[in-house]
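Because the structure is predicted, anything quoted here is derived from the model rather than measured.
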Amino acid sequence: MKLVSYAGQQLVTTDDVADALVELAAAIASDGDSQALHIPIVMDGEKDCADLIVGVGNDLLVGPQSSNGDDPDFSVEAEQLRQHRLYPRRGSDDEADDVDTDSAFFDYGLDHDF
């Protein structure tokens with residue numbers, strides 16, 4: 001689970017959703033835009049949802065959050081975030097010419113344990 005800090009509030013969601021949210025929020029801001037996103041969260045141990053405005057001028061902080069028991073399955077919702085038109089696409093060799101190599105392979109340290 002991960003803790004998303006946004007507008008003075010803290011929301012808990014799955015790693016999958018939080019990771020997709022960070023990528024998408026950065027892409028939307030890079031495009032010079034802001035958009036409303038709907039994400040699944042966990043509140044008082046129950047599934048819920050939150051609406052966020054992400055993009056230019058809207059900061060997100062995502063960090064680890066301990067949880068008891070099984071994490072909810074928000075894989076469908078995470079995939080919906082990844083299907084957003086601005087979500088960064090990586091993969092095939094055909095796309096290699098379109099990828100900014102200065103940032104495409106930079107290790108932001110998001111997968112490291114401290």
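Under the 3.5 Å distance criterion, the side-chain polar atoms of D48 are left unmatched by any main-chain donor or acceptor of V42. A donor-acceptor pair is defined here as one N or O able to donate and one able to accept, closer than 3.5 Å; such a pair exists between the side chain of Y6 and the backbone of I53.
To the nearest 0.5 angstrom, K2 atom NZ is 9.5 Å from D16 atom CG. Rounding to the nearest 0.5 Å gives a distance of 8.0 Å between CZ of R85 and CD1 of I28. Rounded to the nearest 0.5 angstrom, I39 CD1 and L52 CG are separated by 4.5 Å. Separating the CG atom in L11 from the CD1 atom in I41 is a distance of 5.0 Å, to the nearest 0.5 Å. Remark: L21 CG to T13 OG1 distance equals 8.0 Å, nearest 0.5 Å. With rounding to the nearest 0.5 angstrom, the CD atom of Q10 is 8.0 Å from the CD atom of Q65.
In terms of heavy atoms, A29 sits closest to G55 at CB-C, 3.7 Å. Nearest approach of Y87 to R82, heavy atoms of both residues: CB-O, 3.4 Å. Nearest heavy-atom pair across A25 and V54 is CB-CB, 3.9 Å.
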Distance-only check: which donor-acceptor pairs under 3.5 Å involve side-chain atoms of residues 69-78, not counting sequence neighbours?
| from | atom 1 | to | atom 2 | distance (Å) |
| --- | --- | --- | --- | --- |
| D71 | OD1 | S67 | OG | 3.0 |
| D73 | OD1 | S75 | N | 3.0 |
| D73 | OD1 | S75 | OG | 2.7 |

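The 12-atom threshold is exceeded at CD of Q83, counting heavy atoms of other residues, nucleotides or ligands nearer than 6.0 Å.
H38 has its side chain within reach of C49: a pair of non-hydrogen atoms, C-beta onward, lies under 4.5 Å apart.
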